[in-house]
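Below you'll find the structure, written out as structure tokens, and then a few comments.
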Amino acid sequence: MADLHQEFGKSGVRFIALFPLRTDSPAVIEQFRTEYKLPFAGLPDKKARLARQFRARVTPEVVVMQSDGRVVYQGAIDDWYVDLGKHRPQAAHAYLHSALDALLNGRPVTEARTEAVGCLIE
């Protein structure tokens, strides 16, 4: 995510990490941001309000919105994880990168929805 922020942030893409779990205290959020070197805000999603609004089911799951609020991509960052605790040596498809690149270059996002692998948001 830090690399994507570096690449697309300069084009005006705004990144925000939302933390919808009840256990996501400010200290937990800051520890996560530090551990993963996230150069953008990490905010609690109280009572998973936004997660429910977007029907996000797992964490991590990303939502890409146009400036008018229309969702153009939702799902996995990439296909590195194939199942909980199981990942490939390297991702083969960079879904989020492809969606952002298409959006910024005036092309349609060809794969608008993928299934993210992660922990259930309860």
Side-chain angles (χ1 to χ4, degrees):
M1 291 301 297
D3 291 342
L4 291 170
H5 180 267
Q6 174 72 26
E7 181 176 349
F8 293 105
K10 58 188 168 200
S11 297
V13 175
R14 184 172 165 211
F15 288 75
I16 302 170
L18 295 174
F19 292 79
L21 305 180
R22 287 180 289 237
T23 55
D24 290 333
S25 68
V28 167
I29 292 170
E30 191 53 38
Q31 179 182 358
F32 183 90
R33 287 186 63 243
T34 300
E35 182 177 340
Y36 291 96
K37 298 176 178 64
L38 294 184
F40 49 87
L43 304 171
D45 180 13
K46 300 283 186 189
K47 298 182 181 178
R49 185 182 63 80
L50 288 171
R52 281 196 309 280
Q53 178 182 330
F54 291 110
R55 294 186 177 104
R57 298 178 341 181
V58 300
T59 181
E61 183 169 341
V62 297
V63 176
V64 176
M65 295 172 48
Q66 290 189 155
S67 58
D68 64 4
R70 188 170 62 92
V71 174
V72 295
Y73 174 74
Q74 184 168 350
I77 296 166
D78 56 34
D79 67 350
W80 186 51
Y81 270 93
V82 293
D83 203 350
L84 283 178
K86 297 179 184 177
H87 59 81
R88 295 176 166 87
Q90 185 174 340
H93 298 94
Y95 304 123
L96 179 55
H97 185 280
S98 295
L100 292 172
D101 185 62
L103 185 62
L104 290 174
N105 287 293
R107 297 188 318 268
V109 176
T110 56
E111 195 161 14
R113 181 84 168 131
T114 62
E115 288 300 317
V117 174
C119 298
L120 289 176
I121 298 171
E122 299 185 69

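Taking 4.5 Å as the limit, some side-chain heavy atom of Y73 sits within range of a side-chain heavy atom of T114. Contact of the V28 side chain with the T23 side chain is not registered, since no non-hydrogen atoms from C-beta on lie closer than 4.5 Å. Using a 4.5 Å heavy-atom cutoff, the side chains of Y36 and M1 are not in contact. Side-chain contact between V58 and V117 is absent, with no heavy atoms from C-beta onward closer than 4.5 Å. In this structure, the side chains of F15 and L100 come closer than 4.5 Å at one or more pairs of heavy atoms.
No chain of hydrophobic side-chain contacts below 4.5 Å, direct or via other Ile, Leu, Val, Met, Phe, Trp or Tyr residues, connects W80 to L4. A continuous path of ILVMFWY side-chain contacts below 4.5 Å connects M65 to L43, so both sit in one hydrophobic cluster. Placement of F8 and V64 within a single hydrophobic cluster is found when ILVMFWY residues are connected by side-chain heavy-atom separations under 4.5 Å, directly or transitively. With hydrophobic clusters built from ILVMFWY side chains whose heavy atoms lie under 4.5 angstrom apart, L38 shares a cluster with V62. In this structure, I121 is not a member of the same hydrophobic cluster as I16, with clusters built from ILVMFWY side-chain heavy atoms closer than 4.5 Å.
Within 6.0 Å of CD on Q66 lie more than 12 heavy atoms contributed by other residues, nucleotides or ligands. Other residues, nucleotides and ligands place no more than 12 heavy atoms under 6.0 Å from the CZ atom of R49. With a 6.0 Å radius and a threshold of 12 heavy atoms from other residues, nucleotides or ligands, Q6 has its CD atom at or below the threshold. When the shell of 6.0 Å around CZ of R22 is examined, it contains 12 or fewer heavy atoms from other residues, nucleotides or ligands. Summarising the local packing, NE2 of H87 is surrounded by more than 12 heavy atoms from other residues, nucleotides or ligands at distances under 6.0 Å.
With hydrogens and angles left out, the side-chain atoms of H97 and E7 include a donor and acceptor closer than 3.5 Å.
Shortest non-hydrogen contact noted between P39 and R33 is C-NH2, 4.3 Å. L50 and D45 get closest at one heavy-atom pair: N-OD1, 3.0 Å. Heavy-atom minimum distance, R55 versus E61: O-OE2, 4.3 Å. The heavy-atom pair separating A51 from P20 by the smallest distance is CB-CB, 4.1 Å. Scanning all heavy atoms of the two residues, the minimum distance from E122 to L21 falls at N-CD2, 4.4 Å. For the pair A116 and G75, the tightest heavy-atom approach, listed with the atom from each and the gap, is CB-C, 3.9 Å.
Looking only at distances, no side-chain donor or acceptor of N105 sits under 3.5 Å from a matching main-chain atom of R107. Without hydrogens or angle criteria, D79 side chain to A92 main chain gives a donor-acceptor distance under 3.5 Å.
The existence of a salt bridge linking R57 and E115 is confirmed by a sub-4.0 Å separation between a basic side-chain nitrogen and an acidic carboxylate oxygen.
Between H5 atom NE2 and K37 atom NZ the span is 16.0 Å, to the nearest 0.5 Å. One distance of note links NZ of K46 with CG of D24; it measures 10.0 Å at 0.5 Å rounding.
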